[in-house]
Amino acid sequence: QVQLVESGGGLVQAGGSLTLSCIASGRGFSTYSVGWFRQAPGKGREFVGVINWSGETTYYAESLKGRFTISRDNDKSTAFLRADSLKPDDTAIYYCAADWASISTKEGDYDSWGQGTQVTVAS
């Protein structure tokens with residue numbers, strides 16, 4: 001099982017961009033798909049997108065498609081979430097998670113989670 005740590009969050013102005021990193025430790029990162037989720041204040045956790053083990057396949061929440069891009073570098077055991085054209089509604093804690101068995105939109109399918117990184121978008 002892998003352990004995950006997110007970084008790169010912070011305060012950004014509306015319309016700006018941010019790239020979050022998810023660094024894995026432990027064995028086998030390249031065999032896991034990596035999903036990104038977010039949780040806004042007072043709301044449940046929301047699926048953002050996922051990338052498969054090789055990086056060849058990505059899938060995004062329909063409402064976020066076109067503004068969010070997921071990539072990975074297996075040599076560095078790191079996955080990335082780039083967010084463009086940020087809006088105040090994107091303010092949330094962003095989490096990465098690893099899933100060994102599948103590429104999934106469901107948080108219950110993920111085996112390991114990071115602690116989250118706060119993204120705040122100012123209007």
Side-chain angles (χ1 to χ4, degrees):
Q1 200 169 29
V2 294
Q3 293 77 46
L4 306 173
V5 177
E6 302 94 337
S7 63
L11 176 65
V12 62
Q13 295 296 312
S17 298
L18 208 60
T19 297
L20 307 180
S21 298
C22 172
I23 301 174
S25 59
R27 298 181 65 179
F29 174 75
S30 62
T31 65
Y32 287 79
S33 62
V34 175
W36 286 90
F37 294 78
R38 67 183 186 180
Q39 187 165 19
K43 296 186 178 181
R45 200 173 296 189
E46 174 189 24
F47 171 75
V48 174
V50 59
I51 189 167
N52 79 324
W53 65 273
S54 68
E56 293 178 347
T57 300
T58 55
Y59 181 78
Y60 300 93
E62 193 65 30
S63 61
L64 302 177
K65 198 177 296 184
R67 293 197 299 121
F68 286 70
T69 304
I70 299 173
S71 60
R72 67 189 296 162
D73 183 341
N74 284 342
D75 290 338
K76 297 182 178 178
S77 296
T78 304
F80 304 94
L81 174 67
R82 178 174 173 85
D84 295 314
S85 303
L86 283 162
K87 307 173 183 178
D89 285 348
D90 294 318
T91 295
I93 300 173
Y94 284 73
Y95 300 88
C96 65
D99 177 6
W100 185 78
S102 63
I103 180 168
S104 175
T105 65
K106 300 177 182 178
E107 60 179 292
D109 288 339
Y110 286 81
D111 306 303
S112 302
W113 289 81
Q115 83 290 348
T117 186
Q118 176 71 49
V119 172
T120 302
V121 183
S123 58

**OP:** Would you give the length of the straight line joining atom CZ of Arg72 to atom SG of Cys22, rounded to the nearest 0.5 angstrom?
**Re:** 9.0 Å
Under 3.5 Å, sequence neighbours excluded: what are the donor-acceptor pairs made by side chains of residues 7-21?
from  : atom 1 : to    : atom 2 : distance (Å)
Ser17 : OG     : Asp84 : OD1    : 2.8

Subject >> Distance, nearest 0.5 Å, that separates CD1 of Ile93 from CD of Glu6 >> reply: 10.0 Å
**OP:** Work out which heavy atom in Leu4 is nearest to a heavy atom in Ala24; give both atom names and the distance.
**Re:** CD2-CB, 3.7 Å
**OP:** For residues Ala83 and Phe68, report the shortest heavy-atom separation together with the two atoms involved.
**Re:** CB-CE2, 3.6 Å
Original post:
Is there a donor-acceptor pair closer than 3.5 Å between any side-chain N or O of Ser112 and the backbone N or O of Val2?
Top reply: yes
Original post:
Does Ser33 reach the main-chain N or O of Ser102 with its side chain, forming a donor-acceptor pair under 3.5 Å?
Top reply: yes
Original post:
Measuring from Thr117:OG1 to Gln115:CD, what's the distance to the nearest 0.5 Å?
Top reply: 7.0 Å
Original post:
Applying salt bridge (Lys or Arg N to Asp or Glu O under 4.0 Å), which residue pairs with at least one partner in residues 90-106 are found, sequence neighbours left out?
Top reply: Arg38-Asp90, Arg67-Asp90
Original post:
Which residues satisfy the side chain to side chain contact (heavy atoms under 4.5 Å, CB included) test with Thr57, sequence neighbours excluded?
Top reply: Asn52, Ile103
**OP:** Could you go through the side-chain contact (heavy atoms from CB on, under 4.5 Å) check for Phe80 and Asp73 one step at a time?
**Re:** CA-CA 8 Å; Phe80 304 94; Asp73 183 341; 4.2 Å; yes
**OP:** Not counting sequence neighbours, which residues clear side chain to side chain contact (heavy atoms under 4.5 Å, CB included) with Ile70? List them please.
**Re:** Trp36, Ile51, Tyr60, Leu81
Subject >> Counterpart residues, ring pair (Phe, Tyr, Trp, His ring centres under 6.0 Å), relative to Phe37 (two or more places apart) >> reply: Phe47, Tyr110, Trp113
Original post:
Which value, rounded to the nearest 0.5 Å, describes the distance between Glu46 atom CD and Ser63 atom OG?
Top reply: 5.5 Å
Original post:
So do the side chains of Lys76 and Phe29 get within less than 4.5 Å of each other, counting heavy atoms only?
Top reply: no
Subject >> Partner residues of Glu62 under the salt bridge (Lys or Arg N to Asp or Glu O under 4.0 Å) criterion, sequence neighbours left out >> reply: Lys65
